[in-house]
Protein chains: 2
Amino acid sequence: MPAQKSKVTIFDVAKASGVSSSAVSYALNGKPGVSEETRAKVLDIARELGWKPNGAAQALAKARTRRIGLVLGYDPKLLAVESYMMELLSGLSAELERHDYALLLRMAVGRDAKIAIIKDWIATGSVDGLLLLNLEIGDPNVELLKGHPEMPVLALADPSLTGGLPTLSSDDAGAVDMAMRYLAELGHTRVARVAGPEALGHSYIRDAAFSQITAELGITYRCLHTDYTPESGAEATKLLLSLTPRPTAIIYDNDVMALSGLGVATGAGVSVPGELSLMSWDDSFMCTAAYPNITAMGRDVVGSGRQAAQLLLKLVDGGEVGCVEESPYQLRARASTAAPQA
Amino acid sequence: MPAQKSKVTIFDVAKASGVSSSAVSYALNGKPGVSEETRAKVLDIARELGWKPNGAAQALAKARTRRIGLVLGYDPKLLAVESYMMELLSGLSAELERHDYALLLRMAVGRDAKIAIIKDWIATGSVDGLLLLNLEIGDPNVELLKGHPEMPVLALADPSLTGGLPTLSSDDAGAVDMAMRYLAELGHTRVARVAGPEALGHSYIRDAAFSQITAELGITYRCLHTDYTPESGAEATKLLLSLTPRPTAIIYDNDVMALSGLGVATGAGVSVPGELSLMSWDDSFMCTAAYPNITAMGRDVVGSGRQAAQLLLKLVDGGEVGCVEESPYQLRARASTAAPQA
DNA sequence: TTGTAAGCGTTATCAC
DNA sequence: GTGATAACGCTTACAA
C-alpha cells in the first residue's frame, strides 16, 4: 500500500480550480501555456489549499534532487576539533539555502566507505552534485568521478591532486611562504613544524613548500607528522622542546595543536613568545581566546563554503568551472610570536 | 568496466534475466513471490549490470526518503565555536549510516526561517523524520509538529520545553547540582556564572537550577548572560573580576568562553586556580589543551547523537518514544579548580 | 489557451 | 510462482 499522506496534489488543485493538471503545472512553474488569468486563479487556489510539490515526484520527473552531497570522514574527535569543517558547512549550506538547495550529509565510517557512498550517489541519483574534501594523494575518488562526467563535482584541494576536475583551491604554498618570511624577518633560524597526517593532500603540499622555502631562507627546518589531535600536538611539542638546540619557533598545522602546544610550553616553563614563538594554521576563536593570543594564518572559511556552493551550482546548471582560487590566507600577527632571544 | 549512468532499471534487469519487472522487484527486495532459483539469478544479473534503485522513484513509491532532517541555526561563528554541534552530527550521521539513512541539512538564516523549513519538509515529504534542537521557550515549532503527527520528530531538550513530543533530554539540573556541590565542598561561597542567551531553553533550565541550588547551599550567585562567543565571555569575565568582593569561582556555559575567561584572568594577573577557580560546561579538547587544564562538566555528545538517531529511526518505524534521558554529565575535575584562598 | 496522456523507476495489486 | 498493470505526483510532449 503506497502510503498516502493525505497530501494536496496538483490534481486537487486542478479540480478545485476547474482546469487540468497540466494547466496547474504550467501555472505553478511559471511556464507559458496558460493565460495569466488562469495562472492567477491557480496560484491562489494552490496557496489556499496549501499545496507544495512532492519532492520525490519532482525529483523523479525532472531528474533533479535539489541536493548537494558531502561525505565526511568519520572521526568525531577530529571533526569537532577542527572548526574548519563547521565553518565550511555554514557557508556552504547558507549559500545552498539561497538557491533552494539542501545539503545531504553522509559519514564514511570504514576505509572504503567514502568511495562506496559516492558510487551509491552516482547510481541512485540521490544528489545533483557533490563536494570532494580532504583528498589524499592519488585519491581513487578522483578517478571514479572523472569516469562519471554526468555527476557534477567540485574538489576542494590543490589542483595537483584533482586530476583536472573542477577545483576550488587555496594557495597553501603562498601562505607557507608568507609565514616563513615573517618568522625569518623576526630573526628565527630554527623553525619546526607540527604537521597533519602525511597522506592528506594538503599536508603534502605544505611539506613541499616548507622544505623549499626554508632551504631558500637558510632556515633549519624540522617537521613532525601527527594525526591532528591535541594529544599528538602536545607530544610533538614535548619532543621539539627537548631538542638541542631547540627550535625558536613552532608552526602548527591546526589551531588545536597550537593551543595544546602552548599549554605544553607554558607548563614546561618555556615562555611564549619570549623563548619560543608559536604560530597556528587555520585561525579560529581558539587563537584569540588563548593567552597569549596566537599568531595564525587565517582565511575566510565561511566565504570559501559559499564560493564552493556557487561553483557547484554552476556546474549543476551545466556551466564550466576550471580551477578557481579562493581568497588568500592572511597572516594575523598576534602575541605568540616575537623575535627570538639572543 | 564501471557502468554508465544509473540508466540500469529493473526493466533492464528483467529483460536480461528473462522475467518480469515485478519478479525482479520481489527478488531484489527479498520479498516472497518468487522462487529461490529466480531470485538468485536476478540478484546475480542485477549486480552484474550494476543496478541500484533510483532514489526518487523509491521515495515516490514507498513514501520513504531514507533521510532525516536537521535545521541548523545560522551563525557560523557560533556553530564553529561549539564543538558540541559537530560531535552531535558525527554520532548522528554515523548511526544513520548504519541504517542506510542520510542526514539532510538546512540552514535557517532569517528569523522565521526554521519554522518555514520544517513546514516545507512536512509538505514536500523531503524527510522521514527530523530532529529538533536548540529549542527556545515557547518554541513555535513544537506546536507545529504536534499538529503534524505524521512527521516523526525527536526533540533534544528539556521535557518541560517539548510539550509532550518524543524527547531525548539531558539532566542539566542534576549537573548543576553536581557542579555546585563540588565547588561548595572546595569551600567556594561566591560563585558567578557566564551563561548563554537567555531565550535558549537550556539556559533557562540551568538558570533555574543554579538559583535554587545556590540558595540552598548558601552561596552568593551572580549570573551574566552572553551570546556564547569568546568575546562576550571575555567581557563578562572582566566585569566579574572587577567586582568586590570578587567571586572565587566562575562557571561558563561553554568551553570557548571558559578558555577566553582563562585568558582574561591570566592576562590580568589573577592566578588560576589560586585566586580564581574556573569551570566549563561541555567538555572538549579545549579544556584539556588549555593550561591549566579546565575542569568541566562533560558528557558523551557523540553517544547522544547516536542515541538520538536510534530513537528517531524507531519513531520512523512507527515505534513509540516518550521521554528518554541521555547518559548523565560527569564532573571532570582538572587543574583549574581548587579551594579558594583564605 | 487548454486538456489528454505518456513518461520517470519502483512498489504493490491483481489476475493467471 | 509469475507477469501484466495500476498507483505514487509531477513534468511535458502532443493533441484538441
Side-chain angles (χ1 to χ4, degrees), chain A residues 1-43 46 49-66 100 120 122-126 128 150, chain B residues 3-43 46 49-66 100 120 122-126 128 150:
Chain A
M1 57 269 173
Q4 81 283 25
K5 289 186 178 177
S6 65
K7 291 293 180 199
V8 188
T9 75
I10 51 170
F11 288 93
D12 298 320
V13 179
K15 194 164 295 175
S17 34
V19 295
S20 77
S21 65
S22 54
V24 172
S25 177
Y26 289 137
L28 291 167
N29 288 312
K31 292 200 171 172
V34 290
S35 66
E36 279 314 311
E37 192 184 1
T38 313
R39 184 188 305 277
K41 188 171 67 181
V42 167
L43 285 176
L49 262 50
W51 176 88
K52 288 260 193 171
N54 174 293
Q58 220 166 27
L60 182 57
K62 302 218 287 202
R64 274 268 184 128
T65 62
R66 306 204 76 84
D100 233 330
D120 181 71
I122 292 174
T124 61
S126 299
D128 292 347
E150 79 276 12
Chain B
Q4 284 290 6
K5 254 186 138 171
S6 157
K7 284 307 178 188
V8 189
T9 75
I10 51 169
F11 288 94
D12 299 320
V13 179
K15 193 164 295 176
S17 34
V19 295
S20 77
S21 66
S22 47
V24 173
S25 178
Y26 288 136
L28 292 168
N29 288 311
K31 291 199 172 174
V34 72
S35 69
E36 278 314 311
E37 192 183 2
T38 313
R39 184 189 306 278
K41 188 172 66 183
V42 168
L43 286 175
L49 262 49
W51 176 87
K52 288 258 194 171
N54 174 292
Q58 219 166 26
L60 181 57
K62 301 215 288 201
R64 273 270 185 127
T65 63
R66 306 205 77 85
D100 232 331
D120 181 71
I122 293 174
T124 62
S126 299
D128 291 346
E150 79 277 12

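Residue numbering restarts at 1 for every chain, and letters A, B, ... go by the order of the sequence lines.
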Can you measure R64(A) atom CZ to dC8(C) atom C1' for me and round it to whole angstrom units?
16 Å
Kindly list each side-chain donor-acceptor pair under 3.5 angstrom involving residues 23-33 of chain B, sequence neighbours excluded, with atom names and distances?
from	atom 1	to	atom 2	distance (Å)
S25(B)	OG	N29(B)	ND2	3.4
N29(B)	ND2	S25(B)	O	3.0

Between atom CG in D12(B) and atom C1' in dT10(C), what is the gap in whole Å?
13 Å
Gap between atoms NZ and P, on K52(B) and dG9(C) respectively (whole Å)
17 Å
Going by side chain to side chain donor-acceptor pair (under 3.5 Å), name the residues that satisfy it together with R39(A), two or more places apart in sequence or in a different chain.
E36(A)
Contact class for G55(A) vs. all strands (heavy atom < 4.0 Å): base, sugar-phosphate, or nothing?
nothing
May I have the distance from R39(B) (atom CZ) to dT2(D) (atom P), rounded to whole angstrom?
10 Å
From dT10(C), dC10(D), dC8(C), pick the nucleotide closest to the side chain of T9(B)?
dT10(C)
How many whole angstroms separate atom CG of N54(A) from atom P of dC8(C)?
19 Å
Please determine if R66(A) and D100(A) form a salt bridge, counting it only when a charged side-chain N lies under 4.0 Å from a carboxylate O.
no
Result block: side-chain N/O donor-acceptor pairs under 3.5 angstrom for residues 11-19 of chain B, not counting sequence neighbours:
from	atom 1	to	atom 2	distance (Å)
D12(B)	OD2	T9(B)	N	2.8
S17(B)	OG	V13(B)	O	2.4

Return the value, rounded to whole Å, for the distance between atom CD of E37(A) and atom P of dT1(C).
12 Å
Which residues pass the salt bridge (charged side-chain N to carboxylate O under 4.0 Å, His left out) test with K41(A), not counting sequence neighbours?
none
So, does S20(A) get its side chain near the phosphate of dG3(C), meaning an N or O under 4.0 Å from OP1 or OP2?
yes
Nucleotides 11-16 of chain D: protein proximity per nucleotide (B base, S sugar-phosphate only, - neither; heavy atom, under 4.0 Å)
BBB---
To the nearest 0.5 Å, atom NZ of K7(A) lies from atom CG of L49(A) at 13.0 Å
Residues T38(B) and S35(B): closest non-hydrogen pair is OG1-OG, 2.6 Å
To the nearest angstrom, how far is E36(A) atom CD from dT2(C) atom C1'?
15 Å
Would you check, one step at a time, whether the test side chain to side chain contact (heavy atoms under 4.5 Å, CB included) holds for Q58(A) with L60(B)?
CA-CA 9 Å; Q58(A) 220 166 27; L60(B) 181 57; over 6 Å; no
Note down the inter-axis angle between the two ends of the helix from dT1(C)-dA16(D) to dC16(C)-dG1(D), five pairs each, to the nearest 10°.
50°
Distance check needed: dC8(C) P versus L60(A) CG, whole Å only.
9 Å
